[in-house]
Amino acid sequence: MAHLNRRFFRREPVALAKALLGRTLVRVLDDGTRLAGRIVETEAYLGSEDRAAHSYGGRRTARNESMYLDAGHAYVYFTYGMHWCMNVVAERPGVPTACLLRAIEPLEGLDLMRAHRQRHAETDLCSGPAKLAQALRIDRSLDGVDLVTDSRLFLERGRAIAAQRIAVASRIGVGYAGDWALRPLRFYIAGNPHVSRAAPSGGPRI
DNA sequence: CATCAGATCTGCT
DNA sequence: GCAGATCTGATGG
């Protein structure tokens with residue numbers, strides 16, 4: 001199966017966040033082992049104006065440098081002193097917008113994911129941004145890689161999710177961002193058991 | 001089920 | 001110093 005190409009990634013972050021759902025995230029380890037999962041949850045980060053984004057106000061630091069790369073590059077950052085999280089850069093060079101991959105549904109290499117995570121339940125392997133990074137062994141060594149051409153980390157076509165099956169909610173863990181915390185910028189496949197968190201309590205249950 | 005402390009790196013004050 | 005795009009195990013109802 002071929003890598004998704006540059007054209008796929010080169011769109012504004014909300015469109016990309018939705019387009020990423022249903023696609024296959026692939027991680028190939030040094031020994032050739034292939035780990036893969038279907039993207040089921042994403043968040044869009046809108047760049048300089050987005051108070052929740054690492055690039056808010058045009059900030060450019062050693063950590064977020066990858067956000068300024070061309071669409072289709074990986075922005076992998078370290079947070080809370082423990083965890084790695086992976087984003088897919090959107091739009092074009094110099095425009096620091098990206099989509100956080102929040103959850104995937106494990107497809108290939110589950111036993112190794114279980115070993116990496118020290119967890120057994122399938123729904124606890126990749127149901128969170130730091131969980132999926134740990135399961136797929138994604139860390140600083142993959143920050144800034146080009147997902148269009150890299151052989152260790154890339155995306156495959158999978159199958160797009162129809163608009164009516166995409167649930168929309170506010171982003172997780174950005175309460176500090178004022179009005180931006182309430183914006184509908186989290187997207188997930190409705191009813192999917194591998195999503196990191198269900199819809200806000202009171203929401204419809206599938 | 002809800003809340004909470006602790007793990008302890010990065011960037012800003 | 002402190003808060004953060006998180007997760008885990010412990011504690012209480």
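First the proteins, then the strands, lettered A, B, ... as listed; each starts at 1. All values derive from a computational prediction rather than experimental measurement.
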- Range-with-range stems of DNA chain C (Watson-Crick or G-U pairs under 3.5 Å, three or more in a row): B:1-7 with C:6-12, B:9-12 with C:1-4
- So which nucleotide from C:dG4, C:dT8, B:dC12 ends up closest to the side chain of A:Lys131? C:dT8
- Message: Can you tell me how the ring of A:Phe154 sits relative to the ring of A:His3, calling it parallel under 30°, perpendicular over 60° and tilted otherwise?
- Response: parallel
- Query: Between C:dA3 atom P and A:Tyr77 atom OH, what is the distance in whole Å?
  - Reply: 18 Å
- Item | Exercise: do A:Asp143 and A:Ser66 side chains pair donor with acceptor under 3.5 Å | yes
- Item | Salt bridge A:Glu91-A:Arg11, side-chain N to carboxylate O under 4.0 Å | no
- Message: Among A:Arg197, A:Arg102, A:Lys18, which residue satisfies the salt bridge (charged side-chain N to carboxylate O under 4.0 Å, His left out) criterion with A:Glu41?
- Response: A:Arg102
- Message: With nearest nucleotide decided by heavy atoms, which residue, A:Gly81 or A:Gln134, maps closer to the 5′ end of DNA chain C?
- Response: A:Gly81
- Message: If you compare every side-chain N and O of A:Thr79 against the phosphate oxygens of C:dG4 (OP1, OP2), does one of them come in below 4.0 Å?
- Response: no
- Could you pick out which residue, A:Met82 or A:Arg63, lies toward the 5' side of DNA chain B when each is mapped onto its nearest nucleotide? A:Met82
- Contacts of A:Asp124 and A:Gly175 projected onto DNA chain C by closest heavy atom; the upstream (5') one is A:Gly175
- Between P of C:dT6 and CZ of A:Arg117, the distance in whole Å: 14 Å
- Query: Base, sugar-phosphate, or nothing: which does A:Ala62 touch, judged by heavy atoms less than 4.0 Å apart?
  - Reply: sugar-phosphate
- Item | Whole angstrom value for the distance that separates P of C:dC7 from CG of A:Leu125 | 13 Å
- Note on the structure: Rounded to whole Å, the OH-C1' distance (A:Tyr80 to C:dC2) equals 12 Å
- Whole-Å distance, A:Asp139 CG to C:dT6 C1', equals 16 Å
- Message: Using the rule given for side-chain contact (heavy atoms from CB on, under 4.5 Å), can you reason through A:Phe9 versus A:Leu16, listing the C-alpha separation, both sets of side-chain angles and the distance that settles it, and then say yes or no?
- Response: CA-CA 7 Å; A:Phe9 298 102; A:Leu16 180 60; 4.3 Å; yes
- Query: Between A:Arg59 and C:dG4, is there a side-chain N or O to OP1/OP2 distance below 4.0 Å?
  - Reply: no
- Give A:Ala130 one of three labels, base, sugar-phosphate or nothing, depending on what nucleic acid heavy atoms sit under 4.0 Å from its own. sugar-phosphate
- How long is the line joining NE2 of A:His54 and P of C:dG4, in whole Å? 11 Å
- Item | Listed nucleotide nearest any side-chain atom of A:Arg119, set B:dC12, C:dG9, C:dC7 | C:dG9
- Query: Which whole-number value in Å describes the distance from A:Arg197 CZ to B:dC1 P?
  - Reply: 14 Å
- Item | Of the listed nucleotides B:dT10, C:dT6, B:dC12, the one nearest the side chain of A:His83 | C:dT6
- Could you go through the side-chain contact (heavy atoms from CB on, under 4.5 Å) check for A:Leu153 and A:Leu147 one step at a time? CA-CA 6 Å; A:Leu153 186 64; A:Leu147 302 169; 3.7 Å; yes
- Message: By nearest atom, which of the nucleotides B:dC9, C:dT8, B:dA7 is closest to the A:Phe78 side chain?
- Response: B:dC9
- Taken to the nearest whole Å, CZ/A:Arg51 to P/C:dA3 is 15 Å
- Message: Does A:Arg171 qualify as a cation-pi partner of A:Tyr45, given the criterion of NZ or CZ under 6.0 Å from the six-membered ring centre and within 45 degrees of its axis?
- Response: yes
- Message: Check A:Arg51 with A:Asp179, please: is the shortest side-chain N to carboxylate O separation under 4.0 Å?
- Response: no
- Task: Report which part of the nucleic acid A:Met67 touches: base, sugar-phosphate, or nothing (heavy-atom distance under 4.0 Å, all strands).
- Result: base
